[in-house]
Each structure stands twice: as structure tokens, then as C-alpha cells.
There are 2 protein chains.
Amino acid sequence: MKEATALIPQLTVDCIILGFHDNQLRVLLLRWKDTSFWSLPGGPVRQTESVDAAATRILRERTGLGAIYLQQFRVFGDEVRYSLEEVQEKLKHIFDPAIWYKRAISIGYYALVDYSKVTPLPDAYTDECRWWDIRDFPTLLFDHNHMVKLALEALRQQLSWQPVGNNLLPEPFTLPELQRLYETILGRSMDPRNFQRKMLSLGILERLETKRRGGAFRSPYLYRFIPEKYEAALKEGNLMIL
Amino acid sequence: MKEATALIPQLTVDCIILGFHDNQLRVLLLRWKDTSFWSLPGGPVRQTESVDAAATRILRERTGLGAIYLQQFRVFGDEVRYSLEEVQEKLKHIFDPAIWYKRAISIGYYALVDYSKVTPLPDAYTDECRWWDIRDFPTLLFDHNHMVKLALEALRQQLSWQPVGNNLLPEPFTLPELQRLYETILGRSMDPRNFQRKMLSLGILERLETKRRGGAFRSPYLYRFIPEKYEAALKEGNLMIL
DNA sequence: GCAAAAGTGTTCGAAATACACCCATGT
DNA sequence: ACATGGGTGTATTTCGAACACTTTTGC
């Protein structure tokens, strides 16, 4: 789709924005105006910004966040990525079908954000912007379901080098919280004793004085990442777990 | 740069074509006509082909190979990737400086090819196409040195999931040959006993009856990958070595 | 027979796995 | 007091690391 500012033709960015809440991975989706159709936040790249900057901009507009962890994971460049006619028909009350490119190449990014700091915000073309559970969200327009799937695969594969804990969990956090994050991403459960031993042995965590209060149960310890140690472990690719 | 066929504007593909010969990783480079300037093979994406197909086409044109292992590894999308003026000046006898896009986004691919099956072939704009040792090749035009560096990092990181042996080594091969391939990619040497034990324990290799002859030394056994087993191990990401 | 590279086995320590009970807290 | 989730130690097994000598071959 086209806009006033000068754009790079036929090139878009789509973002899989991931957050973690209630022990679940969530993805931020948009519902198009006066429809029940959902899709990923995305948009064109401007002539005056880098591709990464375009992704950052789109992300900032939907989440209100400034500094964000973004990772390019794939270019979607097939000649036919989805039914153009279908999309034109479904969104014709929003966009003149004539303005759609016959073909667009999309660069896929995943973003890891702190759920608690996000204020989901729809734009001029959408009525609603909200989090969905990654295991249960609607069928999306375009090839966006495929994109989410590949984003998750990329994330899993790159787990050892991605600052996952850092970006998805607000500090301070407890070890069970961190464990559930890993479990959710990897899709399997882990032994808490082994998880703790492994995590603590990496030497990247600092245990705080205070504990988390509130539940009707034993108060867990709070932890923070030690930034330098954390960075070092990431570079080594040491963060794969069990 | 522009051509007769309809192109996607401002979008190019660049290929880091890797081969293995004389126990060294090599990269295929082009020398521009009447210059001493080298760069990676690359080019625009046509409207009628997927991005992957564009990379495949470029690769086929330079190597003569049909089925090739190609892996997208990065989009180079900065607003300013290199000095446009410098390139226009250096290549002005080949291209009218006016035809250059002010900005182009490039999708980086690395390709793993069988060195022995490649016939390097220059195109209309280049005088020479040849292999260079990956540890010692000229400064390239554009941001191509950076691209090679990132391609190698991506390859190293993805080693466990990439069909490296499969594509870079002609079958049948010997275990020492395979070991030197891994050593070259990872940039460190390994113990031959440990390497063999690990490789053979994966159950993806078939030892052949015949041995390789020719050197003034003991004849090594020849091996072949067992395709189904090899595929399965790749999916699991089990191929990381020592 | 000699030079060059290939083949091979064992020991040791580290890390991964499996497993179950008690503790702290709020209601 | 009880229900809920958090914290912790040990034994076993597996895997990676280190290490050196003998064999084959062509010249």
C-alpha cells in the first residue's frame, strides 16, 4: 500500500511482536477497521530510513516502546505469497484496491518485548490491537500465519544467542518465571532443580535481597541479569538450556 | 542497476558462493571489466521470479550448477550501505552513473556448492570469475566484505542445521576430508579420534568397500551420507561437532 | 626403509538426567 | 490446618576432552 512519504516500492516489513504474560507467550495482532480480520503489524519502508528503522518505527507505533529488541529472521519473497484478490476484497472499504502492489516482498522481524510495558495501540486502519496467546490466535490475513510459525522456529533455533530472558521478562524476576519462559518457547517442560543449577552455574544472575510476595505460598527469590556476564554468555551461545 | 526485464526496484540479491578445495573454504568472486575491483555475484530481482529464484538464477549463471543449496542469511537494508559516488566513479566505464539507484536493499544468500562441479563464468560486465581463499581475498566493492563476514558467522551458527557436508563435499569422501571441512568452517582443529567417533555415532554415514588411492600413504576409507538419516539428523540439529 | 597421512581405544572429568521431600506463605 | 507453589541434594549416566602409537602406501 502507498502513502504520502516516499517509500521503497514493493518492500514491506512485518513484525511478530512477542511478549510473555501469565506464563504464556503472546503475539500482538491488529484487527482491520470494521472487520473481524486480524494480521501482523507491518508496513512499507521509507526511502529515508533503514529497513531496521522501519521495523523499529512500526513497533514503536503499536507498542509505545522505544528501545526494543528486534531480529530479522526471514525474507518472504515468493512471487505469489497470498491471494491478492481476497485481501483486496476484504479490505476494500479501507484501501482502494487499485493501490495494492501486485507483488510485495516482506522482511520478517520478530521482536521480544516486555509485556508489562506495552500499551497496544491500533492505527488509522485498524480498530483493535491486542495480545493473543501464541497457541491460540485467529487465522490471519496474507501469509501471516506462516510468518508466525517461522518466527517461532527461528527463535527456538537461535535461543542460545538471543537475549530472551532479558527482553521478555521484566526485571527482577524469579527463577520459576524464567523457567516457564524457556518452557513456553521450547515447548517442553524442564526439571526445576536442573534448571536452577544450570542457570545459576552460568554466573549471569544476581540474587536480590528481597523476595516476591503475594501468593499463598513460599516467596521466591528475585533475580536480575548481570549485564556484562549476560552479554558475554550470549556471544558464546551458551544460553541453550537442558 | 537496471535492465530490460521488469525488475523490482531497489531490491537486489547478493550471493556468497562457498566451495571447498585443497582443504580450504573458497568464495567465488567477480572482477569488473577493465578494472582490478572485485565483488560478489549479485543482481536485481525480476518481477516474475521469487527472491529465492533470483538467487538461484544468479548462481546458475556464474557456476553452471542447477540444484544448489542456498540459504538466505540477512537483509542489508541500511540507508547508506557504501559510497555510491565511489562505486559510480569506479564503474563508470561499465554503467552510466545515472542508472544507479540512490539506494538499494540487498538480500544476502550463502550457497554451498561442490567446487569440483563448478565452472566459474564471468558475465557481460566482468572479466574474470574465480575462487578465492576465504582467508585471503581482495577488498571488495560495496559492502561486500561485510557480507562475507556475516555469511560466515551465520554459517557457523547454523552448522548443526545446515547440510554442509552434503553440499560442499563431493561424494564419496573420506573422514579426514570431512573433518578438515568442519575445521575450516569452525576455524579450529579437532582430534581425529573424537571426530570419527562422533561422526560415526550419528549413524548418518555409510562406509564403502573401496578406499581412496593415490597418496604416498595409507588409503583412507570412503564414505557416503545415508540420505534419510542425514535429513533426520539435520532436522534435529544434531550435527554440531565437538 | 622411509616419509606421509590414516586408523584406532582408553581414561578422566564435566555435564545432563532422573528423582522426592520439606519449606514458606496466605487464606 | 491446609493448599499452593518454591526451594533444594544426590546418584547415575552420558558425553566431550585429552592423549600416542601402529598401519598402510608410494616412492
Side-chain angles (χ1 to χ4, degrees), chain A residues 20-24 159-160 165 169 171-184 186-224 233 236-242, chain B residues 20-24 156 159-160 165 169 172-184 186-224 233 236-242:
Chain A
F20 190 66
H21 185 62
D22 280 349
N23 293 332
Q24 276 311 317
L159 238 200
S160 302
L169 275 188
E171 289 186 325
F173 50 84
T174 69
L175 278 178
E177 284 166 356
L178 186 61
Q179 181 178 342
R180 281 187 289 268
L181 173 58
Y182 272 87
E183 288 178 336
T184 307
L186 291 174
R188 59 194 166 86
S189 61
M190 302 172 181
D191 182 287
R193 288 160 292 194
N194 296 337
F195 183 85
Q196 297 216 5
R197 184 176 34 252
K198 177 71 198 281
M199 261 298 158
L200 294 176
S201 76
L202 291 173
I204 59 175
L205 292 179
E206 174 191 12
R207 185 190 275 199
L208 305 183
E209 297 299 321
T210 54
K211 299 183 175 191
R212 170 150 298 165
R213 300 310 206 77
F217 44 77
R218 183 172 183 172
S219 301
Y221 291 102
L222 287 169
Y223 291 84
R224 227 200 317 259
E236 303 278 320
N238 275 340
L239 298 190
M240 186 59 98
I241 285 293
L242 308 182
Chain B
F20 190 65
H21 185 62
D22 279 348
N23 293 332
Q24 276 311 317
R156 260 177 271 227
L159 239 199
S160 302
L169 275 189
F173 49 85
T174 68
L175 279 179
E177 283 166 356
L178 186 60
Q179 179 178 344
R180 282 188 287 269
L181 173 59
Y182 273 87
E183 288 178 337
T184 307
L186 291 174
R188 59 194 166 86
S189 61
M190 301 171 181
D191 182 285
R193 287 160 292 193
N194 295 338
F195 183 86
Q196 296 216 5
R197 185 176 33 254
K198 178 72 197 288
M199 260 301 157
L200 294 176
S201 77
L202 291 171
I204 59 176
L205 291 179
E206 174 191 10
R207 184 190 277 200
L208 306 183
E209 297 301 321
T210 52
K211 299 183 176 191
R212 171 151 298 166
R213 300 311 205 77
F217 45 78
R218 184 171 181 173
S219 301
Y221 292 102
L222 287 169
Y223 291 85
R224 225 198 319 257
E236 304 277 321
N238 276 341
L239 298 190
M240 185 60 97
I241 285 292
L242 307 185

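Convention: sequence-line order gives letters A, B, ...; per-chain numbering from 1. Keep in mind that what you see is a predicted model, and the values were worked out from it rather than measured.
- Legend: residues meeting side-chain contact (heavy atoms from CB on, under 4.5 Å) with B/R207, ordered by chain and number and at least two apart, are B/Y221, B/Y223.
- Applying the side chain to side chain donor-acceptor pair (under 3.5 Å) test to A/R218 and every residue at least two apart in sequence or in another chain returns nothing.
- Judged as a side chain to side chain donor-acceptor pair (under 3.5 Å), and not counting sequence neighbours, the contacts of B/Q24 are B/R135.
- Between the A/E177 side chain and the A/T174 main chain, a donor and an acceptor come within less than 3.5 Å of each other.
- A/E177 has its CD atom 12 Å from the C1' atom of D/dG5, to the nearest Å.
- The CZ-C1' distance, from A/R188 to C/dA18, rounds to 15 Å in whole Å.
- Atom CE in A/M199 sits about 16 Å away from atom P in D/dT8, given to the nearest Å.
- Taking 4.0 angstrom as the limit, A/K198 places a side-chain polar atom (N or O) nearer than this to OP1 or OP2 of C/dA16.
- Put simply, OH on A/Y223 is 9 Å from C1' on D/dG7, counting in whole angstrom units.
- By the salt bridge (Lys or Arg N to Asp or Glu O under 4.0 Å) test, A/R197 pairs with no residue at all, sequence neighbours left out.
- B/Q196 places its CD atom 16 Å from the P atom of D/dA17, with the value rounded to the nearest Å.
- In this structure, the CZ atom of A/R212 is 16 Å from the C1' atom of D/dG7, given to the nearest Å.
- Straight-line distance from the CG atom of B/L200 to the C1' atom of D/dC15: 16 Å, rounded to whole Å.
- For A/R224, there are no side chain to side chain donor-acceptor pair (under 3.5 Å) partners at least two apart in sequence or on another chain.
- Taking atom CZ of residue B/F195 and atom P of nucleotide C/dT8, one finds them 14 Å apart after rounding to whole Å.
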Contact state string [nucleotides 19-26 of chain D, B base, S sugar-phosphate only, - no protein heavy atom under 4.0 Å]: BB--BBBS

